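Take a look at the structure below.
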There are 2 protein chains.
Amino acid sequence: MFTEYLNILNKISPLSSESKLLLLDYLAIKKIKKGDYILEHNKICKHIYFVNEGFVRIFYYKNGKDITEWFSNKNQFFFSITSYFDEIPSNLIIEASEDSEIIFLSKKGLGKLMKSNLEIANLFIELLSGSLIFSQKRIESIQFETAKQRYFNLIKVQPAILNKMSLQHISSFLGITQETLSRIRSNI
Amino acid sequence: MFTEYLNILNKISPLSSESKLLLLDYLAIKKIKKGDYILEHNKICKHIYFVNEGFVRIFYYKNGKDITEWFSNKNQFFFSITSYFDEIPSNLIIEASEDSEIIFLSKKGLGKLMKSNLEIANLFIELLSGSLIFSQKRIESIQFETAKQRYFNLIKVQPAILNKMSLQHISSFLGITQETLSRIRSNI
DNA sequence: ATACGAATTTGACAATTGTCAATTGCTTTT
DNA sequence: AAAAGCAATTGACAATTGTCAAATTCGTAT
């Protein structure tokens, strides 16, 4: 059930069968229906999530408006960074944009294992450095690129997103209004 | 010479004397004169830096303009995330804004030690998660707050910065022109 | 103290993007 | 097929911020 997942972890940082066995205790898999939440508003994020199947949208409310922060495809990890580490209520909401299957890796378990198991500590280091690079590239993209450039980059890198997300979600993700995005589109 | 630094590391994640001894081999301390660079443009970032004394500015050039990305005070860590992990030329430049004393922790050494030493692996996890939280808060600050709010927050949290950084550096850090910042200031 | 240069402020105008409202287009339901 | 409802587009106008130029202030060296 978790073999494929453990193989993916193993590729990120090598794990012995013993380490894999230890991790198994702290894994869970859940089917989430389209529109249902994986992480609700103001709940504390106690897992690192993984999209085994489906598509997930991460968003927040700003002045009552739904702003898309990010989305995750099959085989991607995601979690609410500030809620997870600081153990504070999450201002991010995570929902399944389509029927999905999500693997939950518990913070408690991971925290315990990494104190005693070198392989798992190094796995966590790889996961964290991956997130950190990702986070940094996000900042650079916001700072270096205009909304127009980011839109063209999005349709180049993840064209599938265009069919899965509405104009409103794409524009809020890009940090512009839907009218402006509509005008960018018509000016091609 | 490095005892204070090692104590700070120890507070972040506990280290035995043996682990401290191992780390010592990979530490260096350098005095950097005001205006000199700690990391030059297009060089690969091979260290995690620490401000033992002084004040450091991190910036990049965009369309020929000097944009301040961040600054680090005494007892803060800093490095170029994408250059460090991906081992690519850094688009960030790091300079000493005043005469400074910087501690260099080598990537090579840290990478080697964390593969065999659980305490050092856990120290690195703490450093990374700290950076990740920081990076994430930066994104949230850019997304949730206006330039005006970020300015007021800056003078509240780090009032010393105002004396150390010019209007140009502060405004580029906030993502606005210096004229706009000047007008924000005069409207108080 | 004075003069010089750099940093900051101010003004006038232009460009970009947002807001609000109306319209069009598409999909679903009866 | 018609109607209803939602998403996307378009238009007119307002607000914000940027650009360029000039004026002023500030700090430093002579």
Side-chain angles (χ1 to χ4, degrees), chain A residues 33-36 55 57 59-69 71 95-99 139 141-155 158-188, chain B residues 33-36 55 57 59-69 71 95-99 139 141-155 158-188:
Chain A
K33 282 233 155 56
K34 175 177 179 172
D36 283 354
F55 183 69
R57 186 173 75 95
F59 67 103
Y60 58 87
Y61 285 103
K62 182 179 182 180
N63 305 327
K65 283 179 194 160
D66 172 323
I67 311 287
T68 296
E69 156 86 15
F71 32 82
E95 71 165 13
S97 296
E98 38 184 77
D99 288 356
I139 291 177
S141 147
I142 294 171
Q143 291 187 329
F144 278 94
E145 296 166 12
T146 63
K148 201 181 287 192
Q149 287 177 308
R150 292 178 64 215
Y151 175 69
F152 286 128
N153 196 45
L154 182 68
I155 57 179
Q158 307 225 52
I161 297 299
L162 293 181
N163 306 320
K164 295 190 178 183
M165 297 221 301
S166 69
L167 183 78
Q168 194 208 89
H169 291 161
I170 295 174
S171 60
S172 72
F173 167 69
L174 296 173
I176 54 179
T177 60
Q178 47 182 28
E179 290 93 336
T180 300
L181 178 55
S182 182
R183 290 184 176 111
I184 287 174
R185 280 182 168 176
S186 64
N187 279 346
I188 302 176
Chain B
K33 282 232 155 57
K34 174 176 179 174
D36 284 354
F55 184 68
R57 187 173 73 95
F59 67 102
Y60 57 87
Y61 285 104
K62 181 179 182 180
N63 305 327
K65 283 179 195 160
D66 172 323
I67 311 286
T68 297
E69 156 87 15
F71 32 82
E95 70 165 14
S97 296
E98 40 184 74
D99 288 356
I139 291 176
S141 148
I142 295 172
Q143 291 187 328
F144 277 95
E145 296 165 13
T146 63
K148 201 180 288 191
Q149 286 176 308
R150 292 178 62 212
Y151 175 69
F152 286 128
N153 196 45
L154 182 67
I155 58 178
Q158 308 225 50
I161 298 299
L162 293 180
N163 306 320
K164 295 189 179 185
M165 296 221 304
S166 70
L167 183 79
Q168 194 209 87
H169 292 160
I170 296 174
S171 60
S172 71
F173 167 69
L174 296 172
I176 55 180
T177 61
Q178 47 182 28
E179 290 93 335
T180 299
L181 178 54
S182 180
R183 290 186 174 108
I184 288 174
R185 280 180 168 178
S186 66
N187 280 344
I188 301 176

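Throughout, a chain's letter reflects where its sequence line sits, starting with A, and its residues are numbered from 1. Values in this document were obtained by computation on a predicted structure and should not be read as measured data.
In the displayed structure, B:Lys62 atom NZ is contacted under 6.0 Å by more than 12 heavy atoms of other residues, nucleotides or ligands.
Atom CD in A:Gln168 sits roughly 15 Å away from atom C1' in D:dT9 (whole-Å rounding). Atom CG in A:Leu174 sits roughly 16 Å away from atom C1' in C:dG18 (whole-Å rounding). Summarising the geometry, the separation between CD on B:Glu179 and P on D:dC20 is reported as 10 Å, rounded to the nearest angstrom. Atom pair A:Asn163:CG and C:dT27:P shows a separation of 13 Å (rounding to whole Å applied). When rounded to the nearest whole Å, the span between CG of B:Asn187 and C1' of D:dT16 equals 13 Å. Rounded to an integer number of Å, the gap from CD of A:Gln178 to P of C:dA21 is 15 Å. Whole-Å rounding puts the B:Met165 CE to C:dA7 C1' distance at 15 Å. Rounded to an integer number of Å, the gap from CD1 of A:Ile176 to C1' of D:dA8 is 14 Å.
Between A:Ser186 and D:dT9 there is no side-chain N or O to OP1 or OP2 distance below 4.0 Å.
Of all nucleotides listed (D:dG18, C:dG18, D:dT9), C:dG18 comes nearest to the side chain of A:Thr177. Between D:dT10, D:dG18, C:dT19, one nucleotide has an atom nearer to the side chain of A:Ser182 than all others, and that is D:dT10. Residue A:Arg183 places its side chain closer to D:dT10 than to any other of D:dT10, C:dT10, C:dT8. Nearest to the side-chain atoms of B:Lys65 among the listed nucleotides D:dT19, D:dT17, C:dT17 stands D:dT19. When the nucleotides D:dT9, C:dT9, D:dG18 are ranked by their closest atom to the side chain of A:Leu167, D:dT9 comes out on top.
For the atom pair CD1 of B:Ile67 and OH of B:Tyr61, the computed distance is 10.5 Å after rounding to the nearest 0.5 Å. Taken to the nearest 0.5 Å, the CD1 atom of A:Ile155 stands 12.5 Å off from the CD1 atom of A:Ile161.
Relative to the six-membered ring of A:Phe173, A:Arg57 misses at least one condition, a distance below 6.0 Å or an angle of at most 45° to the axis. With a 6.0 Å cutoff to the six-membered ring centre and a 45° limit on the axis angle, A:Arg185 does not count as a cation-pi contact of A:Tyr151.
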